[in-house]
Every structure is written in structure tokens, then in C-alpha cells.
Amino acid sequence: MCTVKCMDDKRPRFISKPLRDRNQQEMRKFRTEVYERDNYTCQYCQNEFARDSLTLEHVVPVSKGGIDDPTNYITACRSCNSSKSDEMIEEFLSRRGDLNINPTDLPIHGDIILDTVELPPICRKVRFEVYTDMRKSGELSGSDAYKKLEKNFRKRLWQTEYGETLDEKYPSLPRHALASVPLVEYLEPDKDSPVHNLLIEFTKSARTRQLIDEIVRRVDAGDGVGTNDAAISVIQEELTGDESTTKRIRWALDRAGITQINGTTLNLSSDSPETGSEGKNEKSTDFEESSKCPVSEGERYEVEIISKGEKGDGIAKIEGYVLFVKETEVGDSVTIKVNKTTPNFGFATRV
């Protein structure tokens, strides 16, 4: 079957980008990539076809909330595509008894973890199972599809021996951050490396976790770009972009004690605290005072509720710092807004 090939064939991965945002040239290239990965074979009837007899098929129909993303696309012949129409995959396969396949036989394209074949097999196995189950149940739909995917992935990963090992190896990291550690270790396995420490800091925020994915994509693009160079280019680009992401990059750089990578000075703007510089500005002093508390009042963070406080509030931790979160239960993965901080703990509400 094509599934093994699609999961294990080491080719440049897709950059997740909805079809509506692709121009005609990009769209043709994207189609070709999907057809080639699927060997010009319909993933339903398993017959080979000429290119002009093939189509891109949404596994979870867009009409039922299916995401417009490479992970939701496979190659299908025109006949099977027309026959499936907007049915869910389970309905379609149940009705079409002549198709000798299961949902687990269908490939998944463009997922960063499945495409990184060097990751521990159990990590990729759990990821694949989550995708498959969500496809079958129809959960892989709606604007929060990836949020649900990541939550399900984390929960299952912690039930494995590998997940427990990660917990022991990085005891100060919250679990939502730990899920990105396999990618960090793939990029830079040396725990004493400055870049490894920086990438670990990137795992702590959803905005900077996305940078890890982009660094992996650039390293694996087949252009001979190494981790350090990829990290430099991604960081420099983001430092001139979205203000919220830029702020989190600066915090991560400061916590990791990094101003240079391989001799390249990172282009930090004047309002960024430059650790190790001789003349620190006032904002640098402000950051040193607040660095004892890794969160800021009014900011939003992703956390996992790990226990309950005496008054019934959920308890989460960010870098060991305790946060009491109202109206949450143990096991919840939520976005919170920090309302108040003290030297030892803070208070937050879910948003």
C-alpha cells in the first residue's frame, strides 16, 4: 500500500497553506506533489491513472467542516471522487463494499511529525493513529481542528513509555511544550548546545512552536541548510514581523542567553533586552526583575491543568511558576489570560 511510502519516503514536505491562498502555479505544483506521493494511484480503488484522470480529494468533506490543508488531501480518480461526494469516509467505505481499504490505509501528507521520519517511531505512530481516528469520527473539521488534533496527540503520547521518558527528561517543561521536544532533539540533539536551549524555550509558546516547524521544513528542504542557518533565517524574518511573536522570540533569546548563533548577531531591536551586553538599557533591567516570573499580566498562554487547588481552581505551571486558573478541570488544555502575578504564584482565567 502507498501509506508506508508516503509516511517514510524522505522528500521535502509541504508547507501547510490553504488552497485558496495558492496562485495557479503553486496550485499545479501542489497537485503534482500529491499525485507523485500517491504514485498517480487513486487511494480508494487503488488503480493507476493518467494525470488528467485524477483529482484532489478531501478525506473529510469541506461541506462538513473539513480543513482546506494538505493533511486533508489524497489522490482520487474522478469516478471515486464523484461517488464519495460529501460523505464521511466511514459512510463511503461502508457503502462501497467493492473497495478493499480501511481509513488507516489512506496517506497523510504535509504533517510535520509524520514527515520527519527520523523521529522515534512511537511518536509518529501515535500521531498517525490520532489523525486516522479523527478522520473516521469527523473531528478533523472546523476552525479548531488542529487544536483538537494537538490535544488528542498530547494525551495519547503521555500514555506511552516514550511520553513518560520525555516528562522525566525535561521536568520543568509543561506537557503542551513537551510535545515539540522530539522535533527539537531531531534538529539539535546536543542538550548543551545554545541552539538546543533556544529551541526548548521556543516550545513554551504556541507562536514560537510554529517557528520550530518552519526550521524543520527548511532543514529538510534538500538545499543543504543546517539547523543553525535555518534558525537564523527564521528568527531574523520573524523579528521584523508580528509584534506578539517578536516579543516572545526576544524573551526566549533572553532566557537562553543568546545574542549570536554561529557568529551571526541576531538583529534585536532597541527595545529587546540583550543578555551579556555591557550597556543594558532600562527595559533590560525591567526584564531582569520580571524574569523571576515567566508570565506577564494581561498576556495569554497555553497551559495544561495538572491538579486542583484547595479552593477548586485548576493549577497549571509555566517554567515551574504556579498559576491558579478558574473554571478548569484536571487534564484541560486551555488558553488563559494572566490577571495578576505575585513573586510565587499567579491568577488567571480561561479565554
Side-chain angles (χ1 to χ4, degrees), residues 1-9 11-115 124 127-149 152-153:
M1 294 294 294
C2 179
T3 306
V4 175
K5 178 177 178 57
C6 289
M7 287 182 64
D8 295 339
D9 190 6
R11 302 186 192 181
R13 62 175 50 78
F14 301 119
I15 292 179
S16 182
K17 184 178 183 181
L19 293 197
R20 63 179 177 275
D21 294 336
R22 297 174 186 266
N23 59 38
Q24 188 173 357
Q25 184 177 0
E26 288 178 320
M27 187 63 203
R28 183 173 179 81
K29 182 174 181 290
F30 173 73
R31 286 183 183 276
T32 299
E33 288 175 337
V34 177
Y35 293 164
E36 286 182 352
R37 283 197 170 188
D38 288 354
N39 299 320
Y40 290 89
T41 300
C42 173
Q43 296 303 296
Y44 293 136
C45 67
Q46 291 296 298
N47 293 318
E48 286 191 41
F49 292 87
R51 180 189 173 95
D52 59 6
S53 296
L54 293 172
T55 66
L56 293 182
E57 153 70 358
H58 288 97
V59 179
V60 180
V62 172
S63 64
K64 296 184 177 176
I67 51 179
D68 188 26
D69 185 88
T71 55
N72 194 33
Y73 280 95
I74 61 170
T75 298
C77 69
R78 295 184 183 280
S79 175
C80 286
N81 197 342
S82 176
S83 175
K84 180 174 179 288
S85 187
D86 65 348
E87 284 184 302
M88 298 301 291
I89 189 63
E90 289 281 82
E91 299 174 60
F92 174 59
L93 295 180
S94 176
R95 178 172 61 81
R96 285 287 301 273
D98 58 311
L99 299 176
N100 189 28
I101 64 165
N102 293 308
T104 53
D105 296 326
L106 301 176
I108 298 166
H109 300 306
D111 179 78
I112 198 76
I113 291 176
L114 293 179
D115 280 352
R124 297 173 66 235
R127 187 76 165 187
F128 185 77
E129 290 173 348
V130 169
Y131 261 110
T132 301
D133 289 349
M134 290 183 69
R135 276 177 168 180
K136 289 192 293 185
S137 66
E139 279 189 281
L140 199 61
S141 60
S143 59
D144 62 345
Y146 276 117
K147 188 173 183 179
K148 291 185 288 187
L149 172 73
N152 290 337
F153 172 63

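Quick note: residue numbers are just sequence positions, from 1.
Looking only at side-chain heavy atoms (C-beta outward), Ser141 and Lys64 stay at 4.5 Å or farther from each other. Side-chain atoms of Thr32 and Arg51, non-hydrogen and from C-beta on, do get closer than 4.5 Å to each other. Side-chain contact between Lys84 and Ile89: present, with at least one pair of heavy atoms (C-beta onward) separated by less than 4.5 Å. Counting only heavy atoms from C-beta outward, the side chains of Asn102 and Leu93 never approach each other to under 4.5 Å. With a 4.5 Å cut-off on side-chain heavy atoms, Pro103 and Arg135 do not count as touching. A heavy-atom distance below 4.5 Å is not found between the side chains of Glu57 and Cys42. With a 4.5 Å cut-off on side-chain heavy atoms, Leu149 and Arg127 count as touching. Residues Thr75 and His109 fail the side-chain proximity criterion, which asks for heavy atoms closer than 4.5 Å.
Checked by atom type and distance alone, the side chain of Asp111 pairs as donor or acceptor with a backbone atom of Leu114 at under 3.5 Å. The backbone N or O of Val130 lies less than 3.5 Å from no partner atom in the side chain of Asn152, so there is not a single donor-acceptor pair.
In this structure, SG in Cys77 is found 12.5 Å from CD in Glu48, a value given to the nearest 0.5 Å. Between the CZ atom in Phe30 and the OH atom in Tyr35 there is a gap of 9.5 Å [rounded to 0.5 Å]. Note that the CG atom of Asn47 and the OG atom of Ser53 stand 11.5 Å from one another [nearest 0.5 Å].
A donor-acceptor pair shorter than 3.5 Å can be found between the side chains of Asp69 and Thr71.
By the 6.0 Å contact criterion, CZ on Arg95 is enclosed, its count of non-hydrogen atoms from other residues, nucleotides or ligands being greater than 12.
For Phe92, the ring-ring contact (aromatic ring centres under 6.0 Å, His included) test picks out Tyr44, with sequence neighbours left out. A search for ring-ring contact (aromatic ring centres under 6.0 Å, His included) contacts involving Tyr131 returns nothing, not counting sequence neighbours.
For Arg78 against Leu54, the heavy-atom pair with the smallest separation is NH2-O, 3.9 Å. Closest approach of Ser63 to Asp86, counting heavy atoms only: OG-CB, 3.3 Å. The minimum heavy-atom distance between Arg37 and Gly110, with the atom names listed, is NH1-N, 4.1 Å. Closest of all the heavy-atom pairs between Leu140 and Ala145 is C-CB, 4.0 Å. Here the closest non-hydrogen pair linking Gln43 and Gln46 is O-NE2, 3.3 Å. Between Pro107 and Asp38 the shortest heavy-atom distance is CG-OD1, 3.6 Å.
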Task: Trace of the side chain to side chain contact (heavy atoms under 4.5 Å, CB included) decision for Tyr73 with Asp68 - done: CA-CA 8 Å; Tyr73 280 95; Asp68 188 26; 2.5 Å; yes
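Lys29 and Glu33 are joined by a salt bridge, as a carboxylate oxygen and a charged side-chain nitrogen come within less than 4.0 angstrom of each other.
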